[in-house]
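See below for the structure under consideration.
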Protein chains: 2
Amino acid sequence: MFPDFVQPTSERTPCMTHTGSDTARLLSLMAGRRKISQGESLYHEHDHFQFIYAVQSGSFKSTLALADGFEQVSSFHMVGELLGLDGVADGRHASRAVALEDSEISTLSYAQLTELSSTICGVHHILMRLISREIVRSHCHMVVLGSLNSTQRLAAFLLNQSERLSARGYSALEFHLKMTRGEIGSFLGLTLETVSRTFGELQDQRLVQVKRRHIVIASLDGLARV
Amino acid sequence: MFPDFVQPTSERTPCMTHTGSDTARLLSLMAGRRKISQGESLYHEHDHFQFIYAVQSGSFKSTLALADGFEQVSSFHMVGELLGLDGVADGRHASRAVALEDSEISTLSYAQLTELSSTICGVHHILMRLISREIVRSHCHMVVLGSLNSTQRLAAFLLNQSERLSARGYSALEFHLKMTRGEIGSFLGLTLETVSRTFGELQDQRLVQVKRRHIVIASLDGLARV
DNA sequence: CGGAAGATTGAGCGTAGTCAAACCGAGTGG
DNA sequence: CCACTCGGTTTGACTACGCTCAATCTTCCG
């Protein structure tokens, strides 16, 4: 039932977060460091696009505003991931980035970066790949939103979290979510009540243990099989 | 209820298709031309990424395969739009592109393009912007999939079609869809029956006239207000 | 301790999915 | 020309999943 790229097991998965040598090399160019406290915004929609950011510690969500004032979460970002690439499109940010906890980011001026591109061969390849990877990630998420039921969505979400956390050296089976049920719901196209209930279901099936934001995965395979 | 960027009226809309001076300049570099007949694939998932394609005539859909063999439509492409940019991410295509009708495409080798980037200043800016714009587009579609009901989704779809067609000099109010109900449904995260029924509703509300694939929009504003 | 924000749980409802049948239009061949 | 097929579309009846509204509980923090 799952698109194969949602599963964390496969070696090369397009849904993979953009952590890797690409980002590492880009990170080495990063300069300014800044603290962002919980709830603070890094940038807003329509803000002039100037910087690309990398999460140094903590985590962020990206949101898009709906016309009625509500906001939908479009992605979560954790340590080592980049923010702000959506601004390349037309020089303005298309989303808002908010810290989910007290965080630190480093900053890289896009103008600087394009200069570097001409001197340091390969830099713009890296950047291009990173942006393109974002496309692939959103496409994956479109599949999640467009063809999975609530249980499958939440399972996919947990697997994704697990994969990204373990890629950062944390446990793949036990972790602490930084986001509320409402934010998860918004991200998955569900209500917060449904998220809560679905956590309950997964727990009843002995696939995970959930205590508020603390998650223990009992069976990765089981989750993937959902 | 609509995210403002779903509406076709606003002047600068991030959901805007990537037709514009950027594409135009890129198109001028395009070389080979090829015919693709209806149902034929331009590339498949996991194909080695080598070319970027521009639709010269006809139209295409991009699909992602689910693990169970089904495919979800992730986007539609019409004349002047680019295909294949998802392959930049890791050198392999993440989606499949299929012609919705007998079509023609022109081809641009990505390797060639990156060479050009170093000589012709600005080429890689263009490419970067185009890729980034794809991100913004997918984010918009995530909002559609994550927070709109069937009527709103279909209205957004029709407005999008209308906008893109009128940008190409066709009528904004009367056009012929190239895709089946099933394909629309897959794209919008609905079943084909729901698409059909929802077309009926919109017709009952005198917002559009629908006869199979022939669409006449009675009120763009009405659709946008849905 | 009290208040607030977040999470859980419950009851009832509605939208969209499912399954099934009928319909329509285009193309094919007798 | 009509009969037949086939893919796509429409329509109907029923169902179920997830939403809504509401109450309660938990944890955190002043």
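Below, chain A is the first sequence line, B the second, and so on; all start at residue 1.
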Under-3.5 Å donor-acceptor pair between R197(A) side chain and dT20(D) base: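 Such a pair is found, so the answer is yes.
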What is the distance, rounded to the nearest whole Å, between atom [atom1] of [X] and atom [atom2] of [N]?
X	N	atom1	atom2	value
N149(B)	dG17(C)	CG	C1'	15 Å
L154(B)	dT9(D)	CG	C1'	14 Å
R153(A)	dC19(D)	CZ	P	8 Å
R181(A)	dT8(C)	CZ	C1'	9 Å
H214(A)	dA7(C)	NE2	P	15 Å
E193(A)	dT9(C)	CD	C1'	10 Å
L192(A)	dG6(C)	CG	P	10 Å

S196(A) vs dA7(C): side-chain N/O to OP1/OP2 distance below 4.0 Å: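 Looking at the OP1 and OP2 atoms of dA7(C), neither is under 4.0 Å from any side-chain N or O of S196(A).
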Geometric class of the H93(B)/F49(B) ring pair [parallel <30°, tilted 30-60°, perpendicular >60°]: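 Correct class here is perpendicular.
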Any donor-acceptor N or O pair under 3.5 Å, side chains R181(A), S196(A):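 Note: R181(A) and S196(A) side chains miss the donor-acceptor criterion.
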Option passing side-chain contact (heavy atoms from CB on, under 4.5 Å) with F187(A) (candidates R153(A), H141(A), M179(A)):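 Only match with F187(A) under side-chain contact (heavy atoms from CB on, under 4.5 Å): H141(A).
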Sugar-phosphate, base or nothing in reach of G185(B), heavy atoms under 4.0 Å: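 Touches nothing.
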